[in-house]
Amino acid sequence: MPEGPSIVILRDQIKALNLGKPEVLEVAGYVKTIDKEQLIGEKIKDFKSWGKHFLICFNDFTIRIHFMLFGTYLINAYKQTPLALGLTFKKDELNFYTCKVELLEGNVDELYDWRVDVMADEWDEKLAVKTLREHPDSYICDLLLDQHIFAGVGNIIKNEVLYRARIHPLSKPEKIPLKKLRELVRQCQQYSFEFLKWKKENTLSKHWEVYKQKECPNGHKVEKKKTGKSNRQTYYCTECQIKCA
DNA sequence: ACGTATGTTATCCT
DNA sequence: TAGGATAACATACG
């Protein structure tokens, strides 16, 4: 569930319910990080997403839901596993499982910079390129997972955009030609939107070129190694992807 | 059936 | 002591 496009799907599914500015009638779930009573009777101003964060915005505060690795949700349905947070409205209910729930005080637009969210209208490619160049000596595979630079990019997107831009995961920004760096940044947004489309069609895994693949589209063997400081699994082709280090 | 994983943070080591 | 490694969280899938 967790990468940025999946959170956009959740947000859009909820918006499609046409809840308007719904009033919270009941709150359920085991979460202890928020005061559930505080929500009752409050009207929701908006549902937003920022990277992997799902945001339920009220007038003076926001509930942030992070699904981590295992999180799930159900709309107008429930399941037997322990419910983390459930919100009931006049005719709809939202149920969140295995997620981190936090309450943020104040105006959400002042808390988040939407320029770094690859799914946002405000996404700023130039800013991302500039930030990458401020980390000349870091591995690109780590920088792609840095939510301060690429909010919403996760391990699948990381692997796929590195392949698309033909960059080896252990390359460093100081050695990557600017043109390639720009191409990589552009792919972060472009692939994320293709991810969104394919995920909706339930065909995402069919389109993976390296992630969980044995061979790349050019017929070369795909390497699988934990790389960088993040030490996450990386799938890459040593023939197609050039190491700039 | 069991190993692995779309994520993040805390803690344990060296 | 900085930084790397590991654990913890708790679930679904192949």
Side-chain angles (χ1 to χ4, degrees), chain A residues 1-13 29-34 49-55 63-75 77-86 95-104 111-112 116-119 135 137-164 169-170 172 187-214 222-236:
Chain A
M1 142 107 252
E3 300 193 36
S6 300
I7 307 301
V8 169
I9 290 173
L10 164 60
R11 186 195 67 198
D12 291 349
Q13 281 175 339
Y30 62 75
V31 282
K32 300 219 166 53
T33 46
I34 62 166
S49 72
W50 180 90
K52 299 166 187 168
H53 299 190
F54 179 58
L55 304 168
I63 292 188
R64 164 164 79 201
I65 297 179
H66 198 302
F67 292 94
M68 309 303 284
L69 200 51
F70 309 126
T72 55
Y73 63 89
L74 287 171
I75 298 172
Y78 64 92
K79 58 177 179 175
Q80 281 309 316
T81 56
L83 176 68
L85 178 68
N95 293 314
F96 302 99
Y97 305 86
T98 333
C99 53
K100 201 155 82 175
V101 179
E102 283 157 299
L103 194 131
L104 311 175
L111 297 174
Y112 285 98
V116 300
D117 177 1
V118 294
M119 301 304 292
H135 299 269
D137 195 33
S138 299
Y139 291 123
I140 196 67
C141 60
D142 291 327
L143 292 166
L144 283 166
L145 293 175
D146 186 335
Q147 300 299 295
H148 305 287
I149 311 175
F150 300 102
V153 169
N155 208 33
I156 295 175
I157 299 174
K158 176 195 85 178
N159 283 292
E160 291 296 305
V161 298
L162 282 171
Y163 183 75
R164 284 186 167 198
L170 294 175
K172 295 177 172 183
Q187 283 300 339
C188 286
Q189 185 197 42
Q190 187 172 320
Y191 179 77
S192 293
F193 278 91
E194 289 177 59
F195 182 126
L196 173 66
K197 185 184 75 185
W198 291 327
K199 179 94 183 170
K200 282 182 184 168
E201 295 171 355
N202 213 18
T203 64
L204 179 64
S205 58
K206 269 200 339 201
H207 290 89
W208 289 335
E209 296 191 310
V210 284
Y211 180 72
K212 287 192 172 170
Q213 303 306 299
K214 294 259 183 287
V222 169
E223 295 284 331
K224 179 189 176 190
K225 277 202 183 100
K226 290 189 173 177
T227 61
K229 291 190 176 176
S230 53
N231 208 31
R232 299 291 303 278
Q233 209 66 260
T234 305
Y235 297 81
Y236 58 101

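In what follows, every chain begins at residue 1, and chains take the letters A, B, ... in the order their sequences are listed.
In this model, the phosphate group of B:dT4 is not approached by any side-chain N or O of A:Q233 to a distance below 4.0 Å at OP1 or OP2. Neither OP1 nor OP2 of B:dG7 sits under 4.0 Å from any side-chain N or O of A:H66. Checking the phosphate oxygens (OP1, OP2) of C:dT11, a side-chain nitrogen or oxygen of A:T98 falls inside 4.0 Å. Dashed line: the shortest gap from a side-chain N or O of A:R232 to OP1 or OP2 of B:dT6 is under 4.0 Å. Distances shown here put every side-chain N or O of A:K100 at or beyond 4.0 Å from the OP1 or OP2 atom of B:dA10.
Comparing C:dG4, C:dT11, B:dT9 against the side chain of A:K229 picks out C:dG4 as the nearest.
What separates NZ of A:K225 from P of B:dT4 is a distance of 17 Å, to the nearest Å. Protein atom CG of A:L69 is 14 Å distant from nucleotide atom P of B:dT9, rounded to whole Å. Rounding to whole angstrom units, CG of residue A:N231 and P of B:dC12 are separated by 20 Å. Taking atom CD1 of A:I156 as the reference point, atom P of B:dA5 lies 11 Å away to the nearest angstrom. The NZ-C1' distance, from A:K32 to C:dC9, rounds to 15 Å in whole Å. Per the geometry, CD1 belonging to A:I65 stands 17 Å off C1' belonging to C:dC9, to the nearest Å. Rounded to an integer number of Å, the gap from A:R64 CZ to B:dT9 C1' is 13 Å. In this structure, the CZ atom of A:F70 is 13 Å from the P atom of B:dT4, given to the nearest Å.
To the nearest whole angstrom, the two C1' atoms, one in C:dA5 and one in C:dT1, are 16 Å apart. Using P as the reference atom, B:dT11 and C:dA10 are 16 Å apart when rounded to the nearest Å. The P atoms of C:dA7 and B:dG3 are separated by 15 Å, rounded to the nearest whole Å.
By the 6.0 Å contact criterion, OH on A:Y78 is open, its count of non-hydrogen atoms from other residues, nucleotides or ligands being 12 or less. No more than 12 heavy-atom neighbours from other residues, nucleotides or ligands sit within 6.0 angstrom of NZ on A:K226.
Applying the Watson-Crick and G-U wobble criteria (two distances, each under 3.5 Å), C:dA10 pairs with nothing in any strand.
Counting non-hydrogen atoms under 4.0 angstrom, A:Y235 reaches the backbone sugars and phosphates but no base. Backbone-only contact: A:Y211 has heavy atoms under 4.0 Å from sugar-phosphate atoms and none from a base. Counting any heavy atom pair closer than 4.0 Å across all strands shown, A:K226 reaches no nucleic acid atom. Using a 4.0 Å heavy-atom criterion, one finds that A:K158 contacts no nucleic acid atom at all.
Residues A:E201 and A:K206 are not paired through a salt bridge, judged by the lack of any N-O separation under 4.0 Å between the basic side chain and the carboxylate.
Residues A:H53 and A:I7 form no side-chain contact, since every pair of their non-hydrogen atoms from C-beta on lies 4.5 Å or further apart.
Between the side chains of A:K79 and A:T72, at least one donor-acceptor pair of N or O atoms lies under 3.5 Å.
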**Prompt:** Between A:L83 and A:Y97, is a side-chain contact (heavy atoms from CB on, under 4.5 Å) present by the stated rule, with each step listed?
**Reply:** CA-CA 5 Å; A:L83 176 68; A:Y97 305 86; 3.8 Å; yes
